[in-house]
Amino acid sequence: MTTKQFDAFRDLMSLQERMNRMFQDSLSRSRGEEEEIAAAGAWRPPVDIYEASDRIVLRADIPGVVQNEIDLRIENGTLRLRGERRMPDGAKPEDYHRIERPFGTFVRVFSLPSSVDPGSVKAEYKNGILEVTLPKRQESQARPVAIEVR
């Protein structure tokens with residue numbers, strides 16, 4: 001009988017990673033959008049999201065997508081990124097020996113916190129990376145509070 005050394009930290013990290021994936025998949029979409037996403041495309045561009053004191057920034061890797069093929073919308077408290085990466089002109093899938101980069105349409109939907117000011121959102125597309133800056137409302141930003149001494 002072989003014995004296996006128990007590594008609680010490794011097992012805990014594995015569990016945390018699985019839970020994060022599960023919550024990301026379920027919480028990043030609102031009702032009814034799963035069917036739309038499944039019908040829209042089979043690939044999901046990778047996205048990084050970070051938060052600073054005055055803004056939230058989303059970066060999506062979408063190289064090869066032409067700017068006019070990108071649709072970015074804010075509606076009903078969500079940010080929706082939709083687009084399409086097309087095969088090069090004249091190329092046919094049957095002519096390829098290997099296709100590892102996904103082609104076709106994609107949709108990503110993210111719930112926005114109420115602290116975001118939807119009227120001030122800006123987006124920039126450069127070198128295949130879409131960067132969306134979501135400024136926070138002034139009243140939701142952290143600020144120091146003076147303490148009176150009596």
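Keep in mind that the numbers below use all heavy atoms, side chains included, and drop hydrogens, waters and symmetry copies. Owing to the predicted nature of the structure, the values given are computational and were not obtained by experimental measurement.
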> Is Asn76 atom CG crowded by more than 12 heavy atoms from other residues, nucleotides or ligands, each under 6.0 Å away?
Replying inline: no
>> For residues 87-96, which residue pairs pass the salt bridge (Lys or Arg N to Asp or Glu O under 4.0 Å) check, not counting sequence neighbours?
In response: none
When you compare the side chain of [Y] with that of [X], does any pair of heavy atoms fall below 4.5 Å?
| X | Y | answer |
| --- | --- | --- |
| Arg101 | Trp43 | no |
| Pro102 | Arg44 | no |
| Val57 | Glu131 | yes |
| Ile56 | Pro113 | yes |

> Under the side chain to side chain contact (heavy atoms under 4.5 Å, CB included) criterion, do Lys136 and Asp54 qualify, and how do the steps go?
Replying inline: CA-CA 5 Å; Lys136 292 182 181 178; Asp54 62 339; 5.6 Å; no
Once side-chain hydrogen bond (donor to acceptor under 3.5 Å, both in side chains) is applied, do any residues pair with [X], and if so which ones, sequence neighbours excluded?
| X | answer |
| --- | --- |
| Thr133 | none |
| Asp48 | none |
| Arg86 | Glu69, Glu84 |

Point-to-point distance, once rounded to the nearest 0.5 Å, from [atom1] of [X] to [atom2] of [Y]:
| X | Y | atom1 | atom2 | value |
| --- | --- | --- | --- | --- |
| Arg108 | Leu72 | CZ | CG | 13.0 Å |
| Ser114 | Arg137 | OG | CZ | 7.0 Å |
| Phe106 | Ile70 | CZ | CD1 | 6.5 Å |
| Tyr125 | Ile62 | OH | CD1 | 4.5 Å |

Does [X] have any salt bridge (charged side-chain N to carboxylate O under 4.0 Å, His left out) partners at least two apart in sequence or in another chain, and if so, which?
| X | result |
| --- | --- |
| Glu75 | Arg80 |
| Arg98 | Glu100 |
| Glu124 | none |
| Asp71 | Arg73 |

>> Check for me, please, whether Ile129 and Leu58 land in the same ILVMFWY cluster - side-chain distances under 4.5 Å, paths through other members count.
In response: no
> Other hydrophobic cluster members with Val149, side-chain heavy atoms of Ile/Leu/Val/Met/Phe/Trp/Tyr under 4.5 Å, chained?
Replying inline: none
> Which hydrophobic side chains are connected to Phe103, either touching it within the sub-4.5 Å cutoff or through other members that do?
Replying inline: Met87, Tyr96, Ile99
> Taking only residues two or more places apart in sequence, or in another chain, which ones meet Pro46 in a side chain to side chain contact (heavy atoms under 4.5 Å, CB included)?
Replying inline: Asp61
